[in-house]
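One structure below.
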Amino acid sequence: MRHNLLILLLVGATSVFAQVPVVSPETTVDSIITFRLYAPNARQVKVESDCLVPNQKDNSAFGGHTRQRKMHKDSTGVWTLTTEPVKPEVYQYRFVVDGKKIEDPVNPDSTYVVLHKESVVAVGGNPLADLFVEPDEGVARGHVDTIYVYCPEQKVSRKVLIYVPPVEQDSFPVLYLMHGISGDEATWIECGRVPQVMDNLLAHGRIRPMIVVMPDCNVPDKLAPKKRTNMLRNMFNFPILRLGDFEKAFPQMHKEICKLYPISSKQKDHFVAGLSSGAMQAANITRDQPELFAKCGLFSPARMKEENFVIHKNGQNACVPCVESQPTYFVCIGKYDYFFQDGKRFIRRLANAGLTCEVYETESGHTWRSWREYLVAFVETL
């Protein structure tokens, strides 16, 4: 309570306390960002962000390199920092107010990072990054629903976010997106920019309208519906995740969602993808139910080794009957990704099993900069 009161007194940045209007962050067509914070009583304010790291290569775990720079206060109590032109991308940042790190109080875009929240700013300026910013005025936008689906296997109602495109038709293709060990059901929206990507691609006629389903893929019921999770807590639960309980619950969840939304009943219109440990879950689902999906996207697949993914030709193994149409696989890996060799190994195993596999290789790491690009590449193949 004392900490929250201190921050409120230092910042005073809501509409109730602010004496001047504050726009933050503000971006220009030249890819320049201006950060602002109303904090008239603060002695020193800084911005901490990955956008301040010069010539940053995408080779850190989860894009972890950041730098701080001092802001300057004007006579109205507003602190400001304007950057040099930055690479068009999606960046995360926090303010450091007299040593206390806080989100930007006037920016609604934020995400969880390990144990804390950070604000998010998208900077356009090239064909890929322009997909991550808000669509232009007049462009139709989809909406995101929040639902809960009861999973009998875990006796818990699993939280699911669902992007619905801004068009009306009798049925839609469906894409399931699984998050990684650091995330939950909201991560693909906050970090992956799914609504912006789908709206922009649809507005330019580059994809067909589809429903995107983003479930909470964490297994313990204490994580599923009650509160936001984080990477540290999920890391401790990784052994439980590897037991495959989410994969076992998936068919029932899929049936329930198909009852609630106008989803096509045809296999050719069903797709699934995941990043890191979520790629492992997506692969396991297509292994156990190859009849459900036409295509599976594996983004930075984590530890796809013999003990947790057994493939034979025509789906002939202990779990899977022979089906007429096997899913095809779209494997995305980066040269600086610490799962690079695991991804290469998995590609060879898919080929040896006689399954169709497309490969999308980049000069990048195990970061959201990679996964946003992989999402765009994948959905454009659907």
Side-chain angles (χ1 to χ4, degrees), residues 122 124 126-147 160-179 185 188-189 191-215 250 253-275 278-279 282-283 285-286 289-299 323-332 356-360 371-382:
N126 65 37
L128 179 61
D130 286 346
L131 299 175
F132 307 140
V133 302
E134 294 296 332
D136 294 336
E137 290 293 330
V139 172
R141 305 189 188 194
H143 67 273
V144 176
D145 293 340
T146 300
I147 67 171
V160 183
L161 301 185
I162 299 181
Y163 166 84
V164 181
V167 297
E168 293 185 10
Q169 55 190 51
D170 293 337
S171 66
F172 292 92
V174 63
L175 166 63
Y176 284 85
L177 289 177
M178 314 304 180
H179 60 77
E185 71 286 341
W188 267 111
I189 289 180
C191 296
R193 310 289 286 183
V194 164
Q196 292 87 353
V197 167
M198 301 304 289
D199 287 345
N200 281 314
L201 287 175
L202 189 59
H204 290 91
R206 292 167 59 178
I207 61 170
R208 53 180 172 154
M210 66 184 71
I211 288 173
V212 183
V213 180
M214 294 155 283
F250 183 85
M253 181 177 70
H254 178 53
K255 289 180 182 177
E256 293 301 317
I257 291 173
C258 287
K259 291 177 184 177
L260 296 172
Y261 290 87
I263 292 172
S264 168
S265 61
K266 299 176 181 178
Q267 180 191 16
K268 69 181 183 66
D269 292 328
H270 290 195
F271 314 101
V272 62
L275 68 89
I285 288 169
T286 59
Q289 290 91 32
E291 72 284 355
L292 287 183
F293 294 101
K295 196 163 192 175
C296 176
L298 306 177
F299 309 159
V323 296
E324 292 185 3
S325 178
Q326 289 282 353
T328 62
Y329 291 85
F330 189 85
V331 184
C332 302
T356 302
C357 179
E358 303 170 49
V359 181
Y360 186 88
W371 302 325
R372 283 188 291 268
E373 179 180 350
Y374 299 164
L375 172 65
V376 174
F378 181 62
V379 298
E380 287 198 300
T381 71
L382 307 183

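These numbers were taken from a predicted model, which means no experiment stands behind them.
The two residues M214 and W188 come nearest to each other via the heavy atoms SD-CB, 3.7 Å. Across all non-hydrogen atoms, the minimal contact from V197 to G192 is CG2-O, 4.0 Å. In plain terms, the two heavy atoms of Y163 and G142 that are nearest each other are CE1-CA, 3.9 Å. Residues C296 and T286 come closest through the heavy atom pair CB-CG2, 3.8 Å. Of all non-hydrogen atoms in Q267 and P290, the two that sit nearest each other are NE2-O, 3.0 Å. I211 and P262 get closest at one heavy-atom pair: CD1-CD, 4.3 Å.
At a threshold of 4.5 Å between non-hydrogen side-chain atoms, the residues P195 and V144 count as touching. Considering only heavy atoms from C-beta on, I257 comes within 4.5 Å of I147 through its side chain.
With sequence neighbours excluded, no residue satisfies side chain to side chain donor-acceptor pair (under 3.5 Å) with E137. The side chain to side chain donor-acceptor pair (under 3.5 Å) check on D269 picks up R208, S264, with sequence neighbours excluded.
Atom CG of L177 and atom CG of L375 lie 6.0 Å apart (nearest 0.5 Å). Atoms CD and NE2, from Q289 and H254 in turn, are 9.5 Å apart once rounded to the nearest 0.5 Å.
Within a 6.0 Å radius of CD in Q169, other residues, nucleotides and ligands contribute more than 12 heavy atoms.
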What verdict does the side chain to side chain contact (heavy atoms under 4.5 Å, CB included) test give for Y261 and V174, after you've listed the backbone C-alpha separation in whole Å, the side-chain angles of each residue and the deciding distance to 0.1 Å? CA-CA 10 Å; Y261 290 87; V174 63; over 6 Å; no
Show the numbers, then the answer: is there a side chain to side chain contact (heavy atoms under 4.5 Å, CB included) between L161 and E185? CA-CA 6 Å; L161 301 185; E185 71 286 341; 3.8 Å; yes
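Each of V272, L175, T381, T356 was compared with K295 under the side chain to side chain contact (heavy atoms under 4.5 Å, CB included) criterion, and only T381 meets it.
Residues F250 and Y176 place their aromatic rings such that the two centres sit under 6.0 Å apart.
Ring geometry, F299 versus F378: the interplanar angle exceeds 60°, so the pair is classed perpendicular (tilted spans 30 to 60°).
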